[in-house]
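Single-structure report; data block below.
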Amino acid sequence: RPADPQNDFDGIMNELNIARGHLKVVFKLYCTEGATATKGIEGMGKNQFGVFCDETELDEHGKDDGGDAIPLATIDRIFIRANYDRSAESAFQVDTPDASVEVPGNAPTKTQDKDTSQMNLIEFVAACVRLAYHRYRDPSITERVHKFMQLLGQNPCFSAIDDEVCRRM
């Protein structure tokens, strides 16, 4: 039986709120992967996202967590979709002498909004929810997200992240 959508939404928001600091640290960690200057630290590129997925072993069949392997093509589509969704949702703003006016039907293209090759923190979190959806087969997306956050915490790469630092973020 499918879960109640409102309860699922509330559950997802609770899971993400609990993992907020950890997700920020993980995001920053992978943003610096291969960066040669501080300018590249604000966004995660497709290659950096791929490294994150590889080190989290998402493209392998779940050893202890019972999750499904996520094909590399799906991982690529998740990056593209999460990166595109945020720009498509925002309304195109026009500055007038009075105030900023929303122009209906003029959603910005990705090039107007920002570079398509970089994912921000909000897009990264959206991508994590999509990864959880593809990794696990529970009827509730909340359970899928919960298992995904446990998977992140169990990865040896993330064990060095200080929980106290994460709580303060």
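All values derive from a computational prediction rather than experimental measurement. Only heavy atoms go into these numbers, but all of them, side chains included; no hydrogens, no water, no symmetry mates.
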Requested in this report: Name all residues meeting the side chain to side chain donor-acceptor pair (under 3.5 Å) criterion together with N47; count only those two or more places apart in sequence or in a different chain, and write none if there are none.
Outcome: none

Report task. Grab the two heavy atoms, one from L151 and one from R135, that are nearest each other, plus how far apart they are. Result -> CD2-NE, 4.2 Å

Report task. Sequence neighbours left out, what passes side chain to side chain donor-acceptor pair (under 3.5 Å) with E15? Give chain and number order. Result -> H146

Report task. Applying side-chain contact (heavy atoms from CB on, under 4.5 Å), run through L29 and F52 and close with a yes or a no. Result -> CA-CA 9 Å; L29 175 74; F52 161 74; over 6 Å; no

Query - Value rounded to 0.5 Å, distance of OG in S117 from CD in Q48 - result: 9.5 Å

Query raised in the report: Do side-chain atoms of S140 reach the backbone of T142 as a donor and acceptor pair under 3.5 angstrom?
Result: yes

Query - Non-hydrogen atoms of G43 and F27 that approach each other most closely - result: CA-CZ, 4.3 Å

Query raised in the report: CG of L152 to CD of Q150: how many Å apart, nearest 0.5 Å?
Result: 10.5 Å

**Report entry** N/O donor-acceptor pair under 3.5 Å between D59 side chain and L72 backbone
**Finding:** no

Query raised in the report: With sequence neighbours excluded, what pairs up with D76 under the side chain to side chain donor-acceptor pair (under 3.5 Å) test?
Result: none

**Report entry** Euclidean distance, K28 NZ relative to T32 OG1, rounded to 0.5 Å
**Finding:** 9.5 Å

**Report entry** Distance, nearest 0.5 Å, that separates CZ of R20 from NE2 of H22
**Finding:** 14.0 Å

Query raised in the report: Does F124 have its ring centroid less than 6.0 Å away from the ring centroid of Y30?
Result: no

Query raised in the report: Quick one: salt bridge (Lys or Arg N to Asp or Glu O under 4.0 Å) partners of R77, sequence neighbours excluded?
Result: none

Query raised in the report: What are the two closest heavy atoms between M119 and A127, and how far apart are they?
Result: SD-CB, 4.1 Å

Report summary line: Sequence neighbours excluded, the answer for side-chain contact (heavy atoms from CB on, under 4.5 Å) partners of D138 is Y136, E143, R144, K147

Query raised in the report: What distance separates I141 CD1 from R130 CZ, expressed to the nearest 0.5 Å?
Result: 10.5 Å

Query - ring pair (Phe, Tyr, Trp, His ring centres under 6.0 Å) involving F148 - partner list, sequence neighbours excluded - result: none

Query raised in the report: Does some side-chain heavy atom of L131 sit less than 4.5 Å from a side-chain heavy atom of C53?
Result: yes

Query raised in the report: Taking ILVMFWY side chains as joined if any heavy atoms are under 4.5 angstrom apart, and letting links pass through other members, which residues group with F9?
Result: M13

Requested in this report: Identify the heavy atoms of E123 and Q118 that sit nearest to each other, and give their distance.
Outcome: OE1-O, 3.7 Å

Query raised in the report: Which residues satisfy the side-chain contact (heavy atoms from CB on, under 4.5 Å) test with L16, sequence neighbours excluded?
Result: I12, L23, V125, V129, V145, M149

Query raised in the report: So if you build clusters from Ile, Leu, Val, Met, Phe, Trp, Tyr with side-chain heavy-atom gaps below 4.5 Å, do V26 and I18 land together?
Result: no

Requested in this report: Determine the minimum heavy-atom distance between H134 and D68, stating which atoms define it.
Outcome: O-CB, 4.3 Å

Query raised in the report: Going from CG on D54 to CD1 on I75, what distance comes out if it is rounded to the nearest 0.5 angstrom?
Result: 8.5 Å

